[in-house]
Number of protein chains: 2
Amino acid sequence: MHSVGHHNLPSYALLRSFECAARHESFTQAAEELHLTQSAVSRQVKELEDMMGATLFRRVGRRVVLTESGRRFAADLAVDLENLRQSVARAIAVGERISTLRIGILPTFASRWLIPRLATFLNDHPNIEIRLETRTLPFDLTRERFDVAIHFGKADWPDARMTKLFDEEMLPVASPRFRDMQMATEPTRLAQAPLLHLITRESAWIDWFAINGISDRRLLSGRHFDQFSMIISAAAASLGAALLPKYLIESELESGILIPLSDTALKTHNSYFVVSAAGDVNPQVNAFTRWLLSAARRGSMHWARHDGRL
Amino acid sequence: MHSVGHHNLPSYALLRSFECAARHESFTQAAEELHLTQSAVSRQVKELEDMMGATLFRRVGRRVVLTESGRRFAADLAVDLENLRQSVARAIAVGERISTLRIGILPTFASRWLIPRLATFLNDHPNIEIRLETRTLPFDLTRERFDVAIHFGKADWPDARMTKLFDEEMLPVASPRFRDMQMATEPTRLAQAPLLHLITRESAWIDWFAINGISDRRLLSGRHFDQFSMIISAAAASLGAALLPKYLIESELESGILIPLSDTALKTHNSYFVVSAAGDVNPQVNAFTRWLLSAARRGSMHWARHDGRL
DNA sequence: CACCTTCTATGAGCGGAACTCATGCTTCGT
DNA sequence: ACGAAGCATGAGTTCCGCTCATAGAAGGTG
């Protein structure tokens with residue numbers, strides 16, 4: 001519980017919530033715009049009122065209406081916050097001259113996870129150019145002159161700063177049509193159906209069935225591909241059931257092109273990592289790493305347009 | 001770990017730390033001004049740089065020097081933050097017309113704890129007037145028309161919203177001269193020395209000695225007073241050893257007029273509470289309560305000028 | 001040139017702020 | 001009268017924002 005005065009400001013979160021709530025004269029709508037819960041906005045406005053000792057909204061019925069001083073304050077705030085944002089944006093833009101980050105990355109991860117979210121980062125950092133190059137095997141960061149790499153596996157990279165993005169969770173999925181055709185709603189039925197395999201990870205399905213108490217030599221039969229993107233297409237085309245990392249099929253799950261066949265996900269012991277050279281102090285590398293991390297935390301695509309918090 | 005962009009700002013803490021560090025071109029001095037550790041400022045500046053992907057300071061030797069873009073940014077920030085502060089201050093001031101908070105309070109607590117800190121609250125809320133009236137016994141908030149009361153004891157007030165400020169910790173103290181005269185450096189010696197008692201709490205010394213494994217009928221002898229302020233004066237005048245709440249003798253401890261005779265404090269089972277009427281929605285009451293709470297948390301007087309955080 | 005002082009950087013760890021979830025309460029529309 | 005829509009609030013959780021302790025680097029001083 002804090003107080004506020006001439007030399008101490010309420011936190012940015014409070015001010016922004018109030019400004020937004022004032023614009024809409026509605027906590028619910030503000031919550032929507034800010035991607036918070038109505039609960040959060042309600043609390044924050046209340047807290048701000050308490051700190052300032054002033055009534056900003058009058059609660060009338062199931063509605064909130066700005067008081068006169070609330071209206072003035074909101075107007076001032078809108079201007080002040082915009083100025084601040086401008087200052088920050090400008091400082092980011094002139095930070096260094098335009099420079100290029102070279103990024104080594106796995107192909108499917110790039111097209112299905114990174115690129116859909118990338119717009120927000122590039123928007124916020126107009127002076128950073130991106131150059132994506134796909135690599136599948138570990139390589140020497142400095143020799144290849146990559147600034148950053150996305151690595152899948154373990155934290156076993158020499159001379160590198162590694163930050164885990166997330167663990168891999170493999171989910172059994174198929175097209176709705178396939179599910180209905182095969183009645184593949186439980187593991188035993190699923191074991192009979194055609195399975196789609198990734199060549200470099202033949203054991204994935206076996207591991208998943210093991211969790212469900214099924215072991216069968218014939219599980220290895222089915223169709224085999226050497227890239228996730230092919231499996232995704234194959235599954236969408238009802239060629240079989242696939243075991244796919246959640247992160248790569250967000251849009252398909254959302255649109256219903258693919259649906260989960262079970263709730264039990266297979267946690268592999270590998271993870272995605274951001275890698276940069278141990279001695280690198282380039283702040284743009286840090287900014288990118290940091291952004292990746294926050295995007296990974298946020299998880300779903302819903303928020304792709306809204307990186308960052310404060 | 002978060003990112004920053006056109007619609008999301010770094011937290012106020014980060015910006016303020018940077019602005020201050022930029023003004024001094026020194027993290028240590030900034031830490032001093034902001035009453036933070038050097039560690040905190042260092043981290044915050046680094047975090048800001050990472051979020052923005054720009055180098056704001058160049059680390060040269062044991063010194064930090066603003067980069068060109070850092071300098072620009074700091075200048076912008078100083079203006080923006082000042083504007084924001086102005087807007088907030090104005091909104092607080094015009095919030096309601098000047099009104100008076102009537103506060104019921106214990107006499108020594110008022111003069112020794114509240115009043116020394118009160119300036120900051122009044123400063124931040126120019127539209128609030130204060131009217132302090134001393135009461136020692138519980139009373140009816142609404143009948144007496146108090147807006148707020150400070151209560152000592154237990155949370156047993158009917159129809160009231162009570163917030164605990166802090167527990168009472170009684171510390172054995174005396175003047176340096178008294179300590180030397182009586183060689184009262186350990187409990188056994190102290191038991192022989194003249195003790196100062198508060199009439200409403202005769203058992204305090206007995207309880208304290210009990211903690212230290214000493215029980216003696218004669219402990220009740222000594223000098224008796226009915227207000228803490230008298231005991232404080234008596235102790236300062238070397239009339240005896242006193243068992244006093246820390247909160248009431250901060251300045252004496254700091255200046256060395258009184259010194260602790262032991263490290264073991266006596267925690268009584270009573271506490272200080274802020275009390276306001278259950279149904280009260282006056283935001284100024286909340287603001288005052290909130291401020292009291294933050295002042296209590298901060299503890300020592302050192303920070304009296306710096307209430308609140310963001 | 002060794003020493004001490006004075007700055008910043010960094011690993012570890014903790015408390016509390018800032019959320020979410022679930023639910024209750026009030027009002028408005030039909 | 002009933003349901004929908006909106007704000008308030010208790011409880012619980014995550015992780016930011018700090019501190020403490022210590023390392024490391026660079027100047028200042030005899």
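Convention: sequence-line order gives letters A, B, ...; per-chain numbering from 1. Computation of the quantities below employed the complete heavy-atom set of this structure, encompassing side-chain atoms and omitting hydrogens, waters and symmetry-equivalent molecules.
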Give every donor-acceptor pair under 3.5 Å between a side-chain atom in residues 71-78 of chain A and any protein atom, sequence neighbours left out.
unit_1: Asp76(A); atom_1: OD2; unit_2: Arg90(B); atom_2: NH2; d: 2.6

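Annotation: side chain of Asp80(A) is not in contact with side chain of Leu84(A) (no heavy-atom distance under 4.5 Å).
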Practice item. Just do the side-chain contact (heavy atoms from CB on, under 4.5 Å) check on Phe27(B) and Val64(B) with the steps written out, would you? Key: CA-CA 8 Å; Phe27(B) 294 177; Val64(B) 287; 3.8 Å; yes
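Rounded to an integer number of Å, the gap from Tyr12(B) OH to dC16(D) C1' is 18 Å. What separates CG of Leu56(B) from C1' of dT8(C) is a distance of 16 Å, to the nearest Å. Following rounding to the nearest Å, Asn286(A) (CG) and dT10(C) (P) show an atom-to-atom distance of 10 Å. For Glu47(B) and dA9(C), the CD to P distance is 14 Å, given to the nearest whole Å. Residue Leu14(B) contributes atom CG, which lies 15 Å from atom C1' of dA17(C) at whole-angstrom precision. When rounded to the nearest whole Å, the span between CZ of Phe57(B) and C1' of dC7(C) equals 14 Å. In this structure, Leu48(B) places its CG atom 16 Å from P of dC16(D), rounding to the nearest Å. One atom, CG of Leu36(B), and another, P of dC20(D), lie 11 Å apart when rounded to the nearest Å.
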Review point. In the 5'-to-3' direction, what one-character label does each nucleotide of nucleotides 5-11 of chain D receive under the scheme B = base within less than 4.0 Å of a protein heavy atom, S = sugar-phosphate only, - = no such atom?
Key: BSBBBBB
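Checked by atom type, the side-chain pair Ser99(A)/Gln284(A) shows a donor-acceptor distance below 3.5 Å.
In this structure, Glu47(A) pairs ionically with Arg290(B), as a charged nitrogen and a carboxylate oxygen lie closer than 4.0 Å.
At dT8(C), none of the side-chain N or O atoms of Arg58(B) fall inside 4.0 Å of OP1 or OP2 (strictly under the cut-off).
Sparse packing is recorded around CZ of Arg63(A), with 12 or fewer heavy atoms of other residues, nucleotides or ligands lying under 6.0 Å away.
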